Amino acid sequence: MKENVVVIGAGIAGIQASLDLADMGFSVHLIEKTPSIGGHMAQLDKTFPTNDCSMCILSPKMIMCAEHENITLHTYSEVDSIAGDFPRFKVGIREKARYIDLNRCTGCGDCVAKCPSKVPSEFEEGLSIRKAIYLPFPQAVPRKMTIDAENCRKIKDNKCGVCLKVCQAGAVDYDQKGRIVELDAAVIVIATGFDLMDATALPQFGYGICKDVVSSMQFERILSASGPTGGHLVRPSDDKEPVNLAFVQCVGSRDAKNHLYCSSVCCMYATKESILATEHAPDVKITIFYMDMRAVGKGFQEFVQRAKKSHGVRYVRSRPAKVQQANGDNGVLVSYETPGMTGEPVSEEYDMLILCPALLPSSSTREIAKMLDMELDDDGFFRTPDIRYPTDSSKKGILICGFSGAPMDIPDSVSQASGVAARTAELLSGGDR
Amino acid sequence: MTDDNFEPNIIAFTCTWCGYPSANLAGVNKIDYPANVKIIRVMCSGSVDPAVVMQALERGADGIIIIGCLIDNCHYVEGNKNAEERADRLKRLLNVLGLDSKRIRTEWINASERVKFANAMREFVDEIRELGPAPHIPAPKRKELTSEEIKKEISRIIEDTGAFDCVECGKCTSVCPVARFDTEFAPRTIVLRSMEGITDNLANDKDIWTCSTCEMCNSMCPYKVNYSGFIQGLRGTAMQLSNSPVCSQGGLIQSAIRIMAGADLKQNRLDWVTEDLEIAEKGDVFYFVGCLPHFDAIFADREYLELTRTAQSAVKLMNAAGIKPAVSNEERCCGHDLVWSGDEENFLKLMDKNLELVKNSGAKKVVFTCPECIRTFEMDYKDFAEDIDFEIVHISDLLVQLIDEGKLSLPSMADEIIATYHDSCRLGRHMGIYDSPRSLIESAGMKLVEMENTREKSACCGVSAWLSCNSAAMRMQLERLEEAKKTGAEVMLTFCPKCRIHLSCAANEELPFDRERVNIITKDLTVALAELLEGK
C-alpha cells in the first residue's frame, strides 16, 4: 500500500516536493488555498541570474502535478484539522465551494466574458481586474473556473445568474457546498511560502499615497508579457513610459522596528527587474537604493556586475527616508543621504519608484503552526532545530521546505523540496538517526 | 554672614570714552579708591554682554559695576541705555536666583568726574562688603583623558546607544532638520567617524554641538539607534577634552543654572504665585514649575511671552479640579540644558537636590508643564538615580484624566477658534505624548488643524539647550512658522516654553520676505485652557 503524504502549499517548493514524492511511489495530496497551484513563481516574469522565463520552468511542473497518478490536487482548499503523530496523522482538508463542477467545466471562459462583477485581480497585484467567476491566470492548473462568492451577485443578492445561462457544459452550481475530506497521512510537508509585506504600513515610502510607487511584485507583472500592460513598461499614473526608475531595497526588512531579517532575494530580483526594464525600454535609467549588496550564489555577483556595466544600473548605498509626490500627479520625489564621508541630504525626482518590501512567512504559516502546536522562530518562520536535518521541524514527521522555513530563492526552495522527499522516504523506511 | 576680613572682589567695566578716563583721572589726581576694583575697559557700556557679567559672578566676582557716559551723552548715542536695560533684566534674574540684585550696578560718569568715580567705587565696595561674598562656583572638573581612554569611552557610548547597529543607510541625515540647512552637518558621518575609531577630532569637533537632539533621526532609524543618547554621550566626553559649545545668550543661562547647582541660595522663584492661586507646601501632587521665572527675567524685553503665566494657568486648572499642588521655592533647574551641553557633574548636583525636594514634599505624583523637565525626570534622572518612586505626569495627561473622571470640565468656547498644535520634540518624540494635547484642544471646543509635519514628524524649533543658535536654526524656525500659517489657524499652540522663545525670536527678526508669511501667534496650551476656564 502506498503511504499518504500531505503537502501543504503548492508553490514551487510544494510542487517539487510533490513530484519527487509521487515519483518515489508515495500517494501525495497537495493542498493549495487559491484556485490554482503555482504560487508566487507563476507571477514572476523571469528568474535570476539567468533571466530564464519563470513560467516556462514552472508550467510543465504544474501540468505534471495535475497529471501524475500519485498526486491528488486539493485546490481552493485549506487545512481544517490535523491530529495524531508520526506516522499516523489525521488530516482534515476543507475544500471550499467553488460553485463549479470540476468534472464538467472545460475552462472555455464563456462565463468570464459575460460576468458583470469586476474585482481587482490578485494575480495581477491589483493592477488589472478579473471577474467574480474567473481563472486566476491563463496557465492555471486546474484549468477550471472558480466563483468568488463574496463578489458574485447571484450568490450574494440572488441577482444575475448569467454564468449558469451561458455555460454549455452545465458546470455552474450555485448551491454547491464546501466539504471536508478526511485523510490519513504518514508525513506532512509544509511549504506555505511567503507574503509580501504591506508597504502601506510604512507611509514614509509613499506606497498607496503616490500613484507611481509600486511594489516589486507589481513591477514584475508590469514587465511580464502576459501582464496587465502586455509587457510594456509604463507607469500607473499616466501610462507613459518612465525614463527614471528607482528601486528601494529593505522596505520593512533589516529594520529593527519591523522585520530584522534579510529577505535574501530582493537584491537579486531588483537587479533582475532592472536588467529587464532596460531591455524593455533601452533609454530607461535605473537607480537602486540598497543597503548591502547580497549577491550570494552562483553567478549572482556577475549578474550585478552585468547590470552595472552593460545596463548602466546605478547602485546607491543609502536608504531613502522620505518619498513624496513630485510636482503634479506624476512621479515621486525621493529624499536620501549621499553615501560616503560627506553625507548630504538630497532629493531627486523619479518617474516611478519600486519598493522591495520584506517577504514575510505567509499568513497560513501562523495558522498551521497553531493547529499543530509547532514552534515558530522570532521572525515567524518555522523552527528547524536540528542542523543535521535542515528540513525537520520541531515535530517529528512534519517537514518544512521553501520560504516557510527561512528566506530563500527558487533554486534553494527546489533543492530543499527534493530534500524533503528524500527525508520522507528515509523516515518511512525506518531510518531515523 | 559678613566675614570681618572679607574683601570683595569687584569688576568694573568702564567705557573707553567716559568710564575709563574718569578712572584714569582719579588715578592721575591721586584720589583714593579701594584696590578691590579691577577695571576692564570696553568700547561702550552697551557692549558688555550680560553673559560675561554672569560668568564673572559665577567664577568669583562679588560685585559688578558698569560705568558709561552720562545718559544722553553716549558716544554711540544709546549704548548706555541698552546697558541699563540689560542690567535691569540681569538684576531680575539675580533676584530669582537669590543673589542680591545690588551686586550689579550701573553708574553714568563723565570723563572729568574723577571724584564721582572714586566715590562710586567706595560706595559700591562698602555695599558689597556689607552683602558678603557671592557664591563661587568652581569650573567643572576636567579629566586628563589619554587617547586610549577616549577610545574606550566612545566604545562604551557606541555600545550603550546601539550605534554599533548602524548600517549607514543615511535615513538620519535625510530627515535631519539641521542637515537640510547646514550642509556641513550629517548625523550619519558622526557615527561613522566614531565607529571607525576616528576620535582625534573629538577635542575640536563642532558637529556634535550642532545637533538639535530633536530625535527625528531616532524616530526614523531602522536599527533603533539612540542617536540623541549618542550625541549626549559624546558631548560629555568632549567637555572633558575642553571642547565646549558656543552657547546662545553667550552662555548666560548655563551660568545661571550652574549657580543653581553649586550654591545654596535663598531663591525667589515664586513671585508668580498670586493670591487667587491655591498652593500647598506639601501634598500628594507636586507641580514642578521649571525655569519659567528665570526666562521671564532673561526675556523681559519680550513681554508677549509671559512665560510664568503658564505656571499660574497650570495651578488654576488644577485648582479647578480640586487639586492644591505643592510648589517649592527650593526647586532647581532640572538640569536639562547642562546634561545636553556635556556638564554631567553639575547636572547630577541639580538632580540630587530636586529628588530630595520631591521626597521631602511627600508627593506621590509630580506634574510638569515643561516638556524638557518631564523628559529629564523620566529619562535622564531614571538613568542616574534608582529610587524614583513617584509618578511623573505631564499636565496634558493629567487634565485629560481629570476631564474623563468628570473632575474638570472646560466650558465651551463662544466663538470657535482654529488652532494648530506644535509637537515639541521633548514631549512628542522623546516622551511619546501626542494624543492628550490634541484631545484637550478638542475638549476646549477649538478646531484643530494639523500642520504638514506633525506628531512623529513634527519639525524642530531649531535650538536645544541654548546651543548652536545659528542661521540654520533660524531657517528651521521660519519654515515651521510658515507651515503653521499655511494651515489657516489663528494660533499655534504648544507646551514648550523654549519652542515659543525660539519661534518668536525668528519671527521678530528682520525678514527678507513679507512678514505675513510667518505671522502667527504662538501660545502656551496651558494658558489657553486656563483662559477658557476664566471665560476669556
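As the structure is a computational prediction, the values presented were derived from the model and not from experiment. By convention in this document, chain letters (A, B, ...) are assigned in the order of the sequence lines, proteins followed by strands, and residues within each chain are numbered from 1.
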- prompt: If we ignore angles and hydrogens, is there a donor and acceptor under 3.5 Å between the side chains of A:Q204 and B:K171?
  reply: yes
- prompt: Is it the case that more than 12 heavy atoms not belonging to B:K382 sit under 6.0 Å from its NZ atom?
  reply: yes
- prompt: What are the two closest non-hydrogen atoms of B:V167 and A:M291, and how far apart are they?
  reply: O-CE, 3.1 Å
query: For chain B, which residues from residues 316-326 of chain A have at least one heavy atom closer than 4.5 Å to it?
result: A:R317, A:S318, A:R319, A:P320, A:A321, A:Q324
query: Do B:Y223 side-chain atoms and A:K257 backbone N/O form a donor-acceptor pair below 3.5 Å?
result: no
- request: Step through the shown structure and confirm whether more than 12 heavy atoms of other residues, nucleotides or ligands are within 6.0 Å of CD on B:E196.
  value: yes
statement: Max heavy-atom pairs within cutoff under 4.5 Å with chain A, candidates B:R188, B:K224, B:M220, goes to B:R188
- prompt: Quick one: which residues of residues 329-342 of chain A reach chain B at under 4.5 angstrom, heavy atoms only?
  reply: A:S335, A:Y336, A:E337, A:T338, A:P339, A:G340, A:M341, A:T342
- prompt: What is the distance from atom CD of B:E184 to atom CD of A:E344, rounded to the nearest 0.5 Å?
  reply: 9.5 Å
query: Around atom NZ of A:K211, are there more than 12 heavy atoms of other residues, nucleotides or ligands at under 6.0 Å?
result: no
message: Looking at A:R366, I want to see if its CZ is surrounded by more than 12 non-hydrogen atoms of other residues, nucleotides or ligands under 6.0 Å.
response: no
